[in-house]
Every structure is written in structure tokens, then in C-alpha cells.
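Notes to accompany the following structure.
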2 protein chains.
Amino acid sequence: MNELNKPVHRSSECDLTKEPVFRGLPKESIAAIKRICRVRTYREGQTVIADQTEPSFTGCIAEGILRMQKTLPDGRQHIVGLLVSHDMFGRVFHHRSNFDVEAATNARVCCFDRRALEDLLSRDAALERLFLVNVLDELDAAREWIILLGCRRVSERLAAFLLILCRRWTNVHGVLSGNADRIRVHVPIGRADLANYLGTRPETISRAVHALADDGVIAIHDSQTFDILNLPRLVATAGNGGFGLERP
Amino acid sequence: MNELNKPVHRSSECDLTKEPVFRGLPKESIAAIKRICRVRTYREGQTVIADQTEPSFTGCIAEGILRMQKTLPDGRQHIVGLLVSHDMFGRVFHHRSNFDVEAATNARVCCFDRRALEDLLSRDAALERLFLVNVLDELDAAREWIILLGCRRVSERLAAFLLILCRRWTNVHGVLSGNADRIRVHVPIGRADLANYLGTRPETISRAVHALADDGVIAIHDSQTFDILNLPRLVATAGNGGFGLERP
DNA sequence: GAATTTCAATGACCGCCGTCAAGATCCGCC
DNA sequence: GGCGGATCTTGACGGCGGTCATTGAAATTC
């Protein structure tokens, strides 16, 4: 498929300045963060950070999708979040990670050595501010997720999930395309992952997807790509989950 | 019951220095934060921050329990978190709250004027660091919650909830008492709230609680107070939910 | 102390979904 | 092109839990 077997470290090609996350930072802050940035490349299925280990770096996704998950003693695993372009992960000022982070697709990640980053943040208030606001956003995302999981029916959770994709991942490369009439959503994970993500089983996901298609709310382009035909009815299906995620 | 109808502002009695949250801060940071702290008192049921409004302050709970929730268009509400002593809430550097914050019990809250706090944080790196780490902890708590909600059976979620109470709220006033043999847990919310919290209905909560009691895992002291008789079996009941929340 | 309200507990019914099993589809590989 | 594996789909069955209704207990009011 491709030649990558382990993360490739490259000291170049860190185009952080273009990332909206770093928009508005003073020039010297950008220069400083760029200096400690190393790009790593992961291929699908690789582990980025293992549960209960102390990661040596904090990252910001340049391309691709990572999956945060907890592998449970009974072997099952539950996904607690998906990370897409521009999302940050890894805990500054905390030692152990409480989750696995795995590549859900091939991914490129800007990595900051944790120690160097902590030193930098201590000296650069603007940067620290940026990280603080970023974590606050993650917190909001996590709470949106909690509301989604509070939906009782799988169909509601699925609809709410598609809405989150539409709302939060607008312009994230490869997820959304099409116009308002026929929004095309590409779900970047398979049925099994999606089932873990929504707290159910693959069979039930399959049924729920086809139920939405039978009702004319969506059309199935392929097993991971849907066209949203009737957004209002999708919102109605989501019920509770369709709300709770308004953004400024 | 008591004479409080609206929050009472008091400029005294802010004992922040004793709170573990602020432990380790330089003296001048503590003095500065104390200077902008005002204590407010809320009675059970009062709204602290309304959804989609711009709160004028950020708070740290001195006593009592607050409930973060989203009221949904169909009138139901879903709780996304409980806040106990020493927990902080309210979003620095962000304008609108995405949730309601209500007093679940009578509560005393240390409030920091948002504008003043933001100014302060800009000038005090140690304080900003403290807030950053604090938000990171909230994030972990939210993700523990996501794992809990990923449990399929209500009995698992209930067991996991009780374990979170034991684990995270040790020494929080009024929640835990007793020794290792017979841990007494006081659940600070009623069945309806608990049902919202666990993504189910009050009747099902009732059944699950009594099922645990019939199995000898817990004893019901009163409808909101349980004695944990068999911790290992409670962990076993929690299954997945019993894990995912190890702390350093 | 009786009445009203609120909350918890219990039973009956049934629908959603977890489970198991089988078939279909797509993929890489030889 | 044929084969084997992984993934997705579909069906049948049964149990958990959502819903409704009723009873009981506790708190507040008059």
C-alpha cells in the first residue's frame, strides 16, 4: 500500500502558520512553536499514544483522523473521541495518558516535545492562552458527546452523529462535500468503530442506517458515504441530540 | 427552610488558600485571586448560569453541588456533569455558556468576575497554568463520563456511577463516610436527576438499585444513601465502566 | 391530624436492540 | 479469473428497559 511502517520524523514541512488554530498569534510565538515542531506520519491502525503511558509529545493533527479510545478488560473498546485536522491531543503538564490514541486513517501529525513545549508555554503567555482555549473547546466537544450518548435510541444517536459531522467538521478535508441540497458526508470509520463510538453493535448501526435511507432522509452512496437528503428530518430524528451544540 | 431567595454577595469569607486547587501557588497569586473573589450563596434549584447566556463570572465551588445540564427542546433535560467542592466552572475567554448550571443542593460559590480574572490571568502565568491544568482535569472527568455512558446496561452504568462517587469524591463533604468494610455513599440527587444523569428513566433506576440490593452488593439506607457491602462485586457489575478512570 | 403534593417502588405490556447465525459484497492475493 | 478473508447486511429470537398505571411513603400545608 505505502512504504510506512513506523512514524517518520521530519523536521521540515510544518505549516503551522496556515492552521487556523494558531491564527492571531504573535510572530515570535509562531516562530517559537515552529522551532520545536516535528512532523510524524502514522499509518492506519498504528498506535500514537498508548493508554497509561507517559507520552513524550503533544500533537496537532495536520491531516487524517485519530481515534481516542479505552480498551476495556473484557477486550471491547469504547471510543471517546475522534480527532481531525487542527485538533490537538496529549496532555501538557500531565504525565500519563488515560487513553489510547490510534490512527483511524493514515495521518500526519505535528508533534511538540512535551518538555520543550512546557518550557515554551511557561515563557509565552500568548501560547499558553491558546492551549487553554483549545482545551476548553475540547471540553465542549466532550460534553456534546455526552449529550449524544444520552439519546436512548440508536437512530437518534446516529442522526446526532451525522449532524455533528456536518456542524463541527465543515471544511475538514474529505468529510464534507456537496451543496446544501445534497450534503455528502464521508464517515471516516467503519461500522465496528462507529458502533463502539455510538455505544452499540455493528448490526444495529447497519439497521439504523438503512432505516434512515428507507425513510428518504439519507441516501447511501457507499457504506461509508451518505448523502443527506432531508436535513430537517435528520434533525427531527436526532431529537435531543440534534441540539446542545450551537456554536458562536 | 432558609431565608435565601437570591444569591447573596459577600466580600468576605473566601478561604481559597485552604482549597487544594490553589495549593502550591505563589503567595502573590493567591493574594491577587483572593482580591477579586466574591462569595455567592445559592439555594437548591436556583440557576447559576443559564444556557446560551454570557456569564459575568467564573466560579469555584466552596460547598454544595451544582448540576450542569442541557434542557432539550422536548422539555427533557440531560445532565452532563456534576460539580462538587473545589470544582471550577464557567469558561474563561469564552463568551457564551453552552449549558445551564443549577444548584443541585444549597451551595456556596467563590465567584471571580470574568473580566477581572482574564486580566489577572494575562499577567500571572502561574495562575493561568493552574486554570489550564484544571480544565484538563475536567476534560478527563468528561471522558470518564463518556465511558460510563458507553455501558449498555443500566445496572453497569449505575455501578460505574457509584464507583466514580467513591473514587473521585473521596473526602468531598457529605458524600462519603464509613470505613472500607461498609462504605456509605450519599447520592446528592434524586431519582429523576440520576436517571437523566445515567441516560435512562427513574423506574429503571429504581429497579437497578433494588437489584443490587437483592444481590447483597449494596444496602439501601435511604433512597439517596447506600452502603457498599461488596466492592469487588460492584466493580464486576460495572464491567467496562469500572475502568477507564485510574488516577495517578 | 387530615389533605395535598411530591417522590419512590412495583407490576404489566411491548418495542427496541443485543445476540447468534447465515448470506452478500468487496477487497487483496495468488 | 478464482479464492479467502474481512466487512457489511439481513433475518429470527429473546431479554432489557421504556412506557403507562397504580400503590405506597414522605414532606409540606392548612
Side-chain angles (χ1 to χ4, degrees), chain A residues 1-2 43-45 72 74-76 78 104-105 149-161 186-215 218-226 237-241, chain B residues 1-2 43-45 72 74-78 104-106 149-161 186-215 218-226 237-241:
Chain A
M1 176 185 302
N2 73 44
R43 82 188 272 185
E44 182 177 336
L72 302 157
D74 62 4
R76 295 193 297 190
H78 193 244
T105 68
L149 287 177
C151 293
R152 309 206 205 304
R153 300 186 193 175
V154 171
S155 57
E156 295 178 26
R157 299 204 290 273
L158 176 63
F161 172 72
H186 179 72
V187 179
I189 52 177
R191 289 283 184 277
D193 273 348
L194 191 52
N196 283 330
Y197 206 29
L198 299 181
T200 181
R201 316 254 91 197
E203 299 92 325
T204 307
I205 294 287
S206 192
R207 278 185 260 266
V209 168
H210 285 270
L212 280 180
D214 291 346
D215 288 353
I218 66 172
I220 301 173
H221 182 259
D222 67 49
S223 73
Q224 296 196 1
T225 312
F226 313 127
T237 306
N240 310 331
Chain B
M1 176 187 301
N2 73 45
R43 83 188 271 186
E44 181 176 336
L72 302 156
D74 62 5
R76 295 193 296 189
Q77 51 191 22
H78 194 243
T105 67
N106 292 340
L149 287 177
C151 293
R152 308 206 205 305
R153 298 186 194 175
V154 171
S155 58
E156 295 179 26
R157 299 205 290 274
L158 175 63
F161 172 73
H186 179 73
V187 179
I189 52 179
R191 290 282 184 276
D193 272 349
L194 190 52
N196 284 330
Y197 206 29
L198 298 181
T200 182
R201 313 255 92 196
E203 298 92 326
T204 308
I205 293 286
S206 193
R207 277 185 262 266
V209 168
H210 285 270
L212 280 180
D214 290 347
D215 287 354
I218 65 172
I220 301 174
H221 181 259
D222 66 51
S223 72
Q224 296 195 5
T225 312
F226 314 126
T237 306
N240 310 331

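Reminder, nothing fancy here: chain letters follow the sequence lines and each chain counts from 1.
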By side chain to side chain contact (heavy atoms under 4.5 Å, CB included) - contacts of [X] (at least two apart):
X      : value
A/D222 : A/Q224, A/T225
B/A213 : B/I218, B/I220
B/T204 : B/V154, B/T200, B/R201

Tell me: [atom1] of [X] to [atom2] of [N], nearest whole Å?
X      : N      : atom1 : atom2 : answer
A/Q224 : D/dC8  : CD    : P     : 6 Å
B/D214 : C/dA9  : CG    : C1'   : 12 Å
A/L194 : D/dT7  : CG    : C1'   : 13 Å
B/I189 : C/dC7  : CD1   : P     : 14 Å
A/E156 : D/dG18 : CD    : C1'   : 12 Å
A/F226 : D/dC8  : CZ    : P     : 10 Å
A/N196 : C/dG18 : CG    : C1'   : 14 Å

Would you find a donor on one side and an acceptor on the other, under 3.5 Å apart, between the side chain of [X] and the backbone of [Y]?
X      : Y      : result
B/R153 : B/A238 : no
A/H78  : A/N196 : yes
A/R157 : A/L198 : yes

Can you check whether [X] has a side-chain N or O nearer than 4.0 Å to OP1 or OP2 of [N]?
X      : N      : answer
A/R152 : C/dC16 : no
B/R153 : D/dG17 : no
B/T200 : D/dG18 : yes

Short heteroatom pairs, N/O only, protein and nucleotides 9-12 of chain D, under 3.5 Å:
from   : atom 1 : to     : atom 2 : distance (Å)
D/dT9  : OP1    : A/R191 : NH2    : 3.4
D/dT9  : OP1    : A/H210 : NE2    : 3.0
D/dT9  : OP2    : A/R191 : NE     : 2.7
D/dT9  : OP2    : A/R191 : NH2    : 3.2
D/dT9  : OP2    : A/S206 : OG     : 3.0
D/dT9  : O5'    : A/S206 : OG     : 3.2
D/dG11 : N7     : A/R207 : NH1    : 3.2

Distance in Å, A/R207 CZ paired with A/S155 OG, rounded so as to fall on 0.5 Å steps = 13.0 Å
Bend angle of the helix from C/dG1-D/dC30 to C/dC30-D/dG1, from helix axes over five pairs at each end, nearest 10° |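 One end axis against the other gives 40°.
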For A/H210, enumerate each residue passing the side-chain hydrogen bond (donor to acceptor under 3.5 Å, both in side chains) test, keeping only those at least two apart in sequence or located in another chain.
->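 In terms of side-chain hydrogen bond (donor to acceptor under 3.5 Å, both in side chains), with neighbours along the sequence ignored, A/H210 is linked to no residue.
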Could you tell me whether the side chain of A/T105 reaches within less than 4.5 Å of the side chain of A/R43, counting heavy atoms only?
-> no
